[in-house]
Amino acid sequence: MILVLLGPPGVGKGTQGEMLAEDLGWHRLATGDVLRAARREGTRLGREAQRYMDRGDLVPDEIIVGMVRERLERLESGGGVILDGFPRTVPQAEALDEVLGELGSGVDGVLELTAPDEVLVKRISGRRSCAECGKLYNTYFDPPEVDGRCDACGSSLTHRDDDDAETVAHRLDVYRAQTEPLVDFYRGTAAELIRVDGDRSMSDVQGAIRSALQQRLGVDGDGQ
Ligand code: AMP
């Protein structure tokens with residue numbers, strides 16, 4: 001089962017994708033996370049991606065496709081795969097079909113999460129994470145008890161460089177121009193297109209996702 005998570009920055013793809021992967025025992029491949037790890041480690045991939053990410057632009061398709069291909073080929077067979085943040089352009093979606101075709105599979109479902117722009121901007125600009133344990137916060141919706149400090153381990157909270165207000169507005173424009181057309185792309189394929197309103201509590205969104213996956217793709221609690 002290959003499930004593509006689609007949606008603008010800040011809609012909750014990361015959070016929902018992680019919950020889903022954990023509950024169903026599926027793999028999750030989040031290209032943004034892979035790129036940020038590569039930057040921290042100072043690899044060639046990280047250095048190449050840096051200037052695009054800092055501007056809020058997309059990293060070129062050929063870099064991303066090579067990176068995803070390598071990871072998909074390494075995944076053990078069986079179970080599901082959640083693709084979070086990939087594909088983000090029509091050429092990436094075409095390349096994904098090609099890679100999956102070679103591996104004898106294809107995209108089964110596309111889950112599109114939606115929310116109004118003003119909600120997205122608050123969610124992203126308020127986003128903080130613990131540098132030490134990774135716990136996530138939001139200064140508007142889910143602030144830590146002590147400003148700038150992690151409730152769980154007391155370490156300082158960090159803000160993603162590309163989460164400042166100007167870059168966020170640009171990332172939303174990039175999403176509308178380059179990624180949203182994927183909805184039409186997938187409408188013309190065999191993949192099941194599922195739209196879920198992401199402007200609700202975390203657990204309500206997860207509940208809606210789980211029931212949609214059950215009804216439309218027959219995915220049960222054990223991930224099968
Ligand atoms: P994300 O964590 O998914 O919001 O991604 C953060 C940044 O990583 C994006 O703004 C892009 O610069 C880059 N990125 C992540 N995934 C892709 C992708 N599939 N194609 C191009 N750039 C990407």
Side-chain angles (χ1 to χ4, degrees), residues 1-37 68 71-72 75-76 78-88 96 107-116 119-144 150-153 157-160 162-163 171 175 179 182-183 186 191-224:
M1 176 74 64
I2 308 276
L3 183 69
V4 169
L5 267 189
L6 209 59
V11 79
K13 294 188 302 292
T15 309
Q16 297 297 336
E18 271 177 30
M19 286 163 86
L20 204 56
E22 195 169 314
D23 278 5
L24 299 176
W26 287 7
H27 301 283
R28 172 175 166 263
L29 175 53
T31 44
D33 288 354
V34 175
L35 292 171
R36 277 184 291 278
V68 171
R71 282 174 172 74
L72 284 176
L75 284 184
E76 309 132 36
V81 180
I82 297 168
L83 294 174
D84 170 354
F86 177 89
R88 252 173 156 109
L96 175 63
V107 174
D108 299 285
V110 176
L111 181 67
E112 186 197 6
L113 293 176
T114 63
V119 173
L120 299 173
V121 169
K122 271 192 169 177
R123 281 200 188 159
I124 307 178
S125 55
R127 192 148 70 178
R128 301 287 183 279
S129 67
C130 175
E132 213 42 54
C133 72
K135 189 167 161 48
L136 298 174
Y137 297 87
N138 187 289
T139 54
Y140 297 99
F141 306 116
D142 181 21
C150 179
D151 295 345
C153 71
L157 300 182
T158 58
H159 190 218
R160 266 170 58 175
D162 58 347
D163 278 351
R171 283 163 64 204
Y175 178 79
T179 309
L182 286 178
V183 174
Y186 280 115
E192 194 71 32
L193 201 53
I194 300 167
R195 176 179 275 194
V196 168
D197 175 9
D199 186 14
R200 293 180 279 176
S201 73
M202 234 157 38
S203 56
D204 284 357
V205 175
Q206 183 67 196
I209 292 175
R210 291 299 296 271
S211 67
L213 289 183
Q214 220 266 318
Q215 281 166 28
R216 307 276 298 276
L217 288 168
V219 174
D220 286 321
D222 61 0
Q224 300 303 305

Taking all non-hydrogen atoms of both residues into account, name the closest pair between V81 and W26 and its distance.
N-CE3, 4.3 Å
For a side-chain contact (heavy atoms from CB on, under 4.5 Å) check, start with the C-alpha distance between L20 and R210, then their side-chain angles and the critical distance, and finish with the verdict.
CA-CA 8 Å; L20 204 56; R210 291 299 296 271; 3.5 Å; yes
Side chains of L182 and V4 in contact at under 4.5 Å (non-hydrogen atoms)
no
Where do P143 and Y137 come nearest, in terms of heavy atoms and distance?
C-CD2, 4.2 Å
Go through it in stages, so that I can follow the logic: the residues are D163 and R171, the test is salt bridge (Lys or Arg N to Asp or Glu O under 4.0 Å), and I'd like the CA-CA distance, side-chain angles, deciding distance and then a yes or no.
CA-CA 9 Å; D163 278 351; R171 283 163 64 204; 2.9 Å; yes
Q214, CD: over 12 other non-hydrogen atoms inside 6.0 angstrom
yes
Smallest heavy-atom separation, L217 atom then G109 atom, equals CD1-CA, 4.1 Å
Is a side-chain donor or acceptor of R88 paired with a backbone partner of G85 at a separation under 3.5 angstrom?
yes
The reported gap from OG in S125 to OH in Y140 (rounded to nearest 0.5 angstrom) is 4.0 Å
Value for NE2 (H27) from CD1 (I2), rounded to nearest 0.5 Å, stands at 9.5 Å
Shortest non-hydrogen contact between G10 and L120, atoms and distance
C-CD2, 3.7 Å
How long is the gap from CZ on R128 to SG on C150, to the nearest 0.5 Å?
14.0 Å
Sub-3.5 Å donor-acceptor pair from the side chain of R216 to the main-chain atoms of L193, do we have one?
yes
Answer whether the closest heavy-atom distance between the side chains of F86 and L29 falls below 4.5 Å.
no
Distance from L113 atom CG to D199 atom CG, nearest 0.5 Å?
11.5 Å
Ion pair present between K135 and D151, side-chain N to carboxylate O less than 4.0 angstrom?
no
So, T158 side chain and S129 main chain: donor-acceptor pair closer than 3.5 Å or not?
yes
Run the side-chain contact (heavy atoms from CB on, under 4.5 Å) test on V68 and V34 for me, step by step, so that the C-alpha distance in whole Å, both residues' side-chain angles and the decisive distance to 0.1 Å come before the verdict.
CA-CA 9 Å; V68 171; V34 175; over 6 Å; no
Quick one: closest heavy-atom pair of R200 and A208, and the distance?
NH2-CB, 3.4 Å
Rounded to the nearest 0.5 Å, how far apart are CD of E18 and CG of D23?
11.5 Å
Is there a side-chain contact (heavy atoms from CB on, under 4.5 Å) between L3 and L213 once you walk through the steps?
CA-CA 10 Å; L3 183 69; L213 289 183; 4.1 Å; yes
Which distance, rounded to the nearest 0.5 Å, do you find between the CZ of R28 and the CG of L83?
10.5 Å
Between I82 and A21, what is the shortest heavy-atom contact and its length?
CD1-N, 3.6 Å
Checking the side chain of D84 only, and the main-chain atoms of L5 only, is there a donor and an acceptor separated by less than 3.5 Å?
no
Between E192 and D108, is there a donor-acceptor pair closer than 3.5 Å when you use the side chain of the first and the backbone of the second?
no
